[in-house]
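Quick one: structure below, then a few questions.
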2 protein chains.
Amino acid sequence: MTTLNRPGAGDGRHICGIDAAMEVIGGKWKVLILWALHEHPRRRFGELRRLLPGVTEKVLASHLREMESDGVVRRVSYDEVPPRVEYSLTEDGERLNDALRPLAAWGRGRVSAGQAPGPSS
Amino acid sequence: MTTLNRPGAGDGRHICGIDAAMEVIGGKWKVLILWALHEHPRRRFGELRRLLPGVTEKVLASHLREMESDGVVRRVSYDEVPPRVEYSLTEDGERLNDALRPLAAWGRGRVSAGQAPGPSS
DNA sequence: CTGTATCCTGAGCGATACTG
DNA sequence: CAGTATCGCTCAGGATACAG
C-alpha cells in the first residue's frame with residue numbers, strides 16, 4: 001500500500017477525491033513511470049530504468065510494487081532464464097494517465113510561458 | 001520558489017509537462033488549499049487554517065508563500081488594525097484547479113469502488 | 001536480468017513559543 | 001490577526017553491495 005505523508009492517508013478520509021489520486025501519484029517518479037509505460041507499453045525493468053534517468057533500482061522497484069498494489073500497473077513475469085519481466089498499465093492506469101492530461105497541458109503552458117518554477121527566478 | 005524533491009526540480013528540465021505541475025501541487029496541503037480557495041474565495045489566514053484541519057501555521061504560511069510565488073495564489077493585505085489578509089486564486093490558479101478535475105474524478109471513482117489506498121488493504 | 005538488503009542523508013513537516 | 005523563529009523528527013529517497 002502506498003503510505004504517503006498526505007492528509008487523510010491511511011485512514012481513508014479524503015476530502016475531495018484529489019487526495020486519493022495524490023496518494024497514488026505522490027511518489028517522486030510515479031507520474032514519469034505512468035508516462036513512460038503509456039508511451040512505451042510492455043517495458044522491462046532495465047528498459048524502464050533507462051527511460052527514467054536518475055532513478056535507482058531500489059526506488060524504481062518499490063514504486064512499481066506500490067503502483068501494482070494500487071492497481072495501475074500490471075507486472076507479468078515470464079519464467080525464463082535469464083529472467084524477463086514486463087510492466088504495463090492496467091485499464092485503470094490508462095484512465096489515470098488520461099486524467100493527468102489537462103494537468104500536463106497546464107504545466108506545458110507555463111513552461112512555454114516561462115512561468116514554471118526552476119528556470120526563471 | 002518551490003523546491004520539491006522531484007526529477008528536474010531546480011534546473012527547469014521537465015520531461016512531459018506533468019513534472020512542472022507536480023512541482024506546484026507537490027506540497028502536502030497544496031491541492032487542498034487550491035480546493036478550499038476555489039470553494040471559498042477570498043479567505044483570510046485564520047479561516048483557511050480552519051478549513052484545513054491539521055495544518056500548522058508554519059506550513060500553511062510557507063505553502064501560501066510558495067503558491068503565491070508560483071503565481072497560483074494572490075495575497076491581498078489590507079492595511080488595517082487588526083491586520084487583515086485575504087487569499088484567493090489567480091486566473092492561473094483557477095485554471096490549475098480546472099485541470100485537476102479529471103484527476104479528482106478518477107480518485108472519486110476508485111474511492112466509491114473501494115479501490116482507494118487506505119481503507120481496504 | 002531482476003531485483004533485495006543495508007545504511008544513510010536531508011528535505012518536508014510538526015510542535016511550540018514568540019512578535020508586530 | 002497574521003504570521004516568524006527554532007528545534008526536532010520522520011520517512012522518502014539515494015548509494016552501494018549482494019542474491020536468485
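If you're wondering where the values come from, they're calculated on a predicted model, not measured in any experiment.
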- request: For B/D79 and D/dC1, give me the distance from atom CG to atom P, rounded to whole Å.
  value: 18 Å
query: Roughly, in whole Å, what's the span from CE in A/M22 to P in C/dG12?
result: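 Distance check: A/M22 CE to C/dG12 P gives 14 Å.
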field: Given B/V24, B/L34, B/L96, the one that forms side chain to side chain contact (heavy atoms under 4.5 Å, CB included) with B/M67
entry: B/L34
message: Closest approach to the side chain of B/F45, judged atom by atom: which nucleotide of C/dT6, D/dA2, C/dT2 is it?
response: D/dA2
- request: To the nearest Å, give me how far apart CZ (A/R49) and P (C/dC1) are.
  value: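 Rounded to the whole Å, the gap is 8 Å.
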message: Counting C-beta onward and ignoring hydrogens, is there a side-chain heavy-atom pair between A/L37 and A/N97 closer than 4.5 Å?
response: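 Heavy-atom side-chain distance check fails, nothing below 4.5 Å.
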- request: For B/R42, look at atom CZ and say whether over 12 heavy atoms of other residues, nucleotides or ligands are found less than 6.0 Å away.
  value: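 No.
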- prompt: When the distance from CG of B/L32 to P of C/dC13 is rounded to whole Å, what number comes out?
  reply: 12 Å
message: Below the 4.0 Å mark, does C/dC1 have OP1 or OP2 next to a side-chain nitrogen or oxygen of A/R43?
response: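 Checking A/R43 against C/dC1: no side-chain N or O falls below 4.0 Å of OP1 or OP2.
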field: Nearest-nucleotide 5' precedence on DNA chain D, A/G54 against B/G46
entry: B/G46
message: From the set D/dC1, D/dG14, C/dG3, return the single nucleotide nearest to any side-chain atom of B/P83.
response: D/dC1
- prompt: Once you round it to whole Å, what is the distance between C1' of D/dC11 and CZ of A/R6?
  reply: 15 Å
query: Which residue lies toward the 5' end of DNA chain C, B/V55 or A/A61, if each is placed at its nearest nucleotide?
result: A/A61
query: Rounded to the nearest Å, what distance is computed from the CD atom of residue A/E57 to the C1' atom of nucleotide D/dA15?
result: 10 Å
message: Within the 4.0 Å heavy-atom criterion, would you say B/Y87 contacts the bases, only the backbone, or no part of the nucleic acid?
response: sugar-phosphate
query: Heavy atoms under 4.0 Å, any strand shown: does B/R65 hit a base, just sugar-phosphate, or nothing?
result: sugar-phosphate
field: Separation of D/dC11 P from A/E23 CD (nearest whole Å)
entry: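 Interatomic distance, CD of A/E23 to P of D/dC11: 15 Å.
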- request: Please tell me which of the listed nucleotides, D/dA2, C/dC13, C/dT2, lies nearest to the side chain of B/H63?
  value: C/dC13
task: Give a yes/no answer on whether the side chain of B/R44 brings an N or O atom under 4.0 Å of OP1 or OP2 in D/dA2.
output: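 Yes, such a contact exists.
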- prompt: Is there a donor and acceptor pair, one atom on the side chain of A/K58 and one on the base of C/dG3, closer than 3.5 Å?
  reply: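 There is none.
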query: Do A/V72 and A/R95 have side chains that get closer than 4.5 Å, going by heavy atoms?
result: no
- request: Please state how far atom CZ in A/R84 lies from atom C1' in C/dC1, giving the value in whole angstrom units.
  value: 12 Å
message: For B/R84, is there an ion pair with B/E86 - N to carboxylate O distance below 4.0 angstrom?
response: yes
Base of C/dG12 paired with side chain of B/K28 (donor-acceptor, under 3.5 Å): no
